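Here is the naming used below: chain letters follow the sequence lines, and residue numbers restart at 1 for every chain. Just so it is clear, the structure is predicted and the values come from calculations on it, not from any experiment. What you see below is based on every heavy atom in this structure, not just the backbone, and it leaves out hydrogens, waters and symmetry mates.
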Amino acid sequence: MEYNFKEIERKWQSYWKENSTYKVEIDKSRPKYYVLDMFPYPSGAGLHVGHPLGYIASDIFSRYKRLQGFNVLHPMGYDSYGLPAEQYAIQTGQHPAVTTAKNIARYREQLDKIGFCYDWSREVRTCEPDYYKWTQWAFIKMFNSYYDNDLDKAMPISDLVAKFEKEGTSSLNAASSADLSFTAQDWNAYSEKKRQEILMNYRIAYLADTKVNFCPALGCVLANDEISEGLSIRGGYPVEQRVMRQWSLRVSAYAQRLLDGLERIDWTESLKETQKNWIGRSEGTEMKFKIKDKPFDFEIFTTRADTIHGVTFMVLAPESDYVKMVTTDAQKAEVDAYLDQVKRRTERERISDRRVTGVFSGAYAINPVTNKEIPIWISDYVLAGYGTGAIMAVPAHDSRDYAFAKHFNLPIVPVIAGCDVSEESFDAKDGIMTNSGFLDGLTVKEAIAATKKYVKEHGIGKVKVNYRLRDAIFSRQRYWGEPFPVYYKDGLPYVLDESKLPLMLPDIENFLPTASGEPPLGHAKNWNTEEGYPYELNTMPGFAGSSAYYLRYMDPHNDKALVGKEADEYWQNVDLYLGGTEHATGHLIYSRFWNKFLFDLGVVCKDEPFQKLINQGMIQGRSNFVYRIKDTNTFVSYNLKDQYDVTPIHVDVNIVSNDVLDIERFKNWMPDYKTAEFILEDGKYICGWAVEKMSKSMFNVVNPDDIVDKYGADTLRFYEMFLGPLEQSKPWDTNGIDGVHRFLKKLWGLFYSREELLLSDAEPTNEELKSLHKLIKKVTYDIDNFSFNTSVAAFMICVNELSSQKCNKKAILEPLTILLAPFAPHLAEELYHVLGNTTSVCDAKWPICNESYLQESAAKYAVSFNGKVRFSMELPISLSKEEVEKVVLSNEQTMKFMDGKPYKKVIVVPNKIVNIVL
RNA sequence: GCCUUAGUGGUGGAAUUGGUAGACACGCAGGACUUAAAAUCCUGUGAUCAUUGCGAUCGUGCGGGUUCAAGUCCCGCCUGAGGUACCA
């Protein structure tokens, strides 16, 4: 009987469906294991062969854990709100609800063909009201919370109100947008409006006028992680700075906890590093500088307090409030002109054009340590949003200050002994201080500490920690997203009562965004609360729905809570999370923040959501080329192309096999090629190739459906794993899939020859047992280490060995079938039943390696002299090191190599090498 | 610039603690079966030299070092990929 993968796969996929094989429930008698894939945006293009890579890996791991006795939660769903889904709808001129439903159906169809063990009864879709109800619910909680820095957790805003009523801001230590100071009396005298405005400074979800990245082409505000080099990541459109009234989430309050949490989770070093950079903690000193002839001082932030004696000027960000305060009348015109010029530059221009610009303010500051007068300048190389928006410039030891000083001819005073600053600044934190009064003779590190101490003691400043991490802007001027559970009364925002959730997204016809930033929800008719107050017209961003979805899978049908107590306590958090690196500074920060907030509320029991995280690599495309001789319709084969003047043209990889072009299909591919002529080599047309992004325009997209049709899902699964290490990016190359398919057929051949079932009940030989147990050991080790590509090789070796021994013993084949189950579930299920079992192979028990079968009776020793292997010999395994040494030294060959010379030492190592040093 | 990560045959990639580098697969070459082709199976396949046989020499981006022994450890570079950046 032939290996009929089509019939086998159809049969078992429907068996699993009918028997709900993959349905999971809480089962306290078994340990839990939660394996999660990053859920996809159901895009219109469908899946290509790169998408399932991570899904296959997590599927193998889930099945493996289940076979080991764990109760495995392995769900899947769709991130169906947000820009990508909406952009696709706009491009195709259909309503996003329609396209989203269609795309999801298509995704599901494709996923089902590959035979995943998802529990689909737990599916979530972020655009469904019973899901986004909980997104809105979390928003209300954030609105009603503030961050208490002393307790280091989020607390109810009512606690803050009580505090204000009792003692004002006197003992307050809370994360806020502005430093406010008032007494209890003040508070109690404030109007409702004023109080609400004050509270807005503390809420974790807050409304504020914020400088935002606005993208006119998308008609929408974007978060920092949605932009790269001044262009939107989605679409690559230019982005400009605007001040808009927006909802934000106070992620910055969690900066330190987000950083600390990284120490306790099992993520790759590179990903942790990316998050650390993004959070950008820097410990430094905040120092007060007096202004000459003015009644106030201003603060700067520096990490190089040690260089205080080298300060030769100060710089303010153009947007800094200090600018107006310090500018002298004489310089006013010049300063205003500069500010105007800066304003007109876009973010992109500022990045691409790094000219040194700036203007003198006319004012002087007093160095608080040396009491010297130093000029105050204004320049856009200082950012308003970081630190205090003002710096002390030390041109000798900071490259940016150096460029500025050179350009405007300001003095450069080195304060580290022996450095040369004639050509460039000396930025390294390394050396001995000089020209620095009381710091002279100290190292840089000591000097930083000494200055901190000095500054504190003299009341000039304080030690301060700054973070680069910004609050997340949470409003989008878009239709396809969660509506805010917010309405406006007298211009003030109020959140809905939880009982009114979900607040449904109204169905409107004109959902297009506008370049001016007017939200499309403005078109909704009667979009008001029962009392007639208007709702917030912005919607939430894409990351809102994806920030807590992993919790919802634990308890997807609970309509009383995001996740119930019992489910939370049992499933806890995600044990293994698989997805791409592209979410490092977006989803993976927001999710951690969101989870920590819920942890503070006592809703979840773990403060880190994803214990272990693995990034699967991208699968790139492998494009094929044909070479057309210029101005003709003649194509020349790859190795002959240099003899002609040719243009390379992308050709559809699906009509090329092992780089040989299928000429008939090529002629029918496009009308132009109907009459094409060919110059062949050895009767074949050989195509060139290159690794590029997988995309339609390069004709290198490979659809998993086609592979499943031709080779079966099990071959696809094996082959995707065989391509290379999971975490590495690699090109898809269909060449080579035959090898994997051959292996499955060979495996089938252990069970069947032509029409005949071969199984026998005989006792296995030692050699057969050794083959099997070698495989058990290797595969177990490999799956635990996510090294799937080498397990595939181990399977091939094992099957080759068994096949050359003509092994048909049930005692060998049954464990082999179980080992196969995570990788090729359909085939494993079929063979498991052929072996006479009546239950699913998913409920079998993972075999355990018996090391005793692996022990050799004889060890092969390579004998080397001075590190060079000369000959080898076999000795009984039972010999001790000393005995081996003795035998080797008395050997005839050894005598020949030693040639009468005495030996210095003999090294015998367990790895079966004997080295004799002469 | 900084951080992370990688560099091994014609190709994808193995080598778990330093221990006979190149597993496994593709491709290629030769052979078997076949009227022929496909499919399948067998053999060979890092390079150079020697091939009458044992073989010999060189080989893991480059240059040094440690060690009886280095793809693996140390020092100094080069190149690719990814992240990040007027963050003081």
[N] OP1/OP2 closer than 4.0 Å to side-chain N/O of [X]:
X: A:Arg742; N: B:A25; answer: no
X: A:Asn800; N: B:C42; answer: no
X: A:Tyr467; N: B:C87; answer: no
X: A:Ser729; N: B:G82; answer: no
X: A:Gln728; N: B:G13; answer: yes

Nearest listed nucleotide, side chain of [X], among [options]:
X: A:Arg470; options: B:C24, B:C87, B:A15; result: B:C87
X: A:Thr585; options: B:G12, B:A14, B:U84; result: B:U84
X: A:Lys745; options: B:A25, B:A88, B:U40; result: B:U40
X: A:Glu269; options: B:U5, B:A88, B:A15; result: B:U5
X: A:Asn789; options: B:C24, B:U40, B:A14; result: B:A14
X: A:Tyr381; options: B:A85, B:A23, B:C86; result: B:C86
X: A:Lys746; options: B:A88, B:C41, B:A15; result: B:C41
X: A:Glu273; options: B:A85, B:A88, B:C3; result: B:C3
X: A:Ser282; options: B:A23, B:U16, B:A88; result: B:A88

Rounding to an integer number of Å, can you tell me how far [X] [atom1] sits from [N] [atom2]?
X: A:Ile686; N: B:C26; atom1: CD1; atom2: P; result: 18 Å
X: A:Tyr781; N: B:A14; atom1: OH; atom2: P; result: 13 Å
X: A:Asn735; N: B:C26; atom1: CG; atom2: P; result: 11 Å
X: A:His741; N: B:A25; atom1: NE2; atom2: P; result: 16 Å

| Partner nucleotide, any strand, of B:G7 [Watson-Crick/G-U, under 3.5 Å] | B:C78

How is [X] classified with respect to the nucleic acid when contacts are heavy atoms under 4.0 Å: base, sugar-phosphate, or nothing?
X: A:Lys777; answer: nothing
X: A:Pro731; answer: nothing
X: A:Leu723; answer: sugar-phosphate

Take atom [atom1] in [N] and the same atom in [M], then report the distance between them in whole Å.
N: B:U16; M: B:A50; atom1: C1'; answer: 38 Å
N: B:G63; M: B:C24; atom1: P; answer: 31 Å
N: B:A85; M: B:U4; atom1: C1'; answer: 15 Å

| In terms of ring plane angle, is the pair A:Tyr322 and A:Phe298 parallel, tilted or perpendicular, where the classes change at 30° and 60°? | tilted

| More than 12 heavy atoms of other residues, nucleotides or ligands under 6.0 Å from CG of A:Asp321: is that the case? | no

| Under 6.0 Å from the NZ atom of A:Lys777, do we count more than 12 heavy atoms belonging to anything else shown? | no

| message | Nearest heavy atom decides the nucleotide; on that basis, is A:Asp733 or A:Tyr386 closer to the 5' end of RNA chain B? | response | A:Asp733

| task | Would you confirm whether the ring centroid of A:Phe313 sits within less than 6.0 angstrom of the ring centroid of A:Phe404? | result | yes

| task | Decide whether A:His741 and A:Thr715 meet the rule of one side-chain donor and one side-chain acceptor closer than 3.5 Å. | result | yes

| query | Taking atom types as modelled and ignoring hydrogens, do the side chains of A:Asp659 and A:Tyr638 form a donor-acceptor contact shorter than 3.5 angstrom? | reply | no

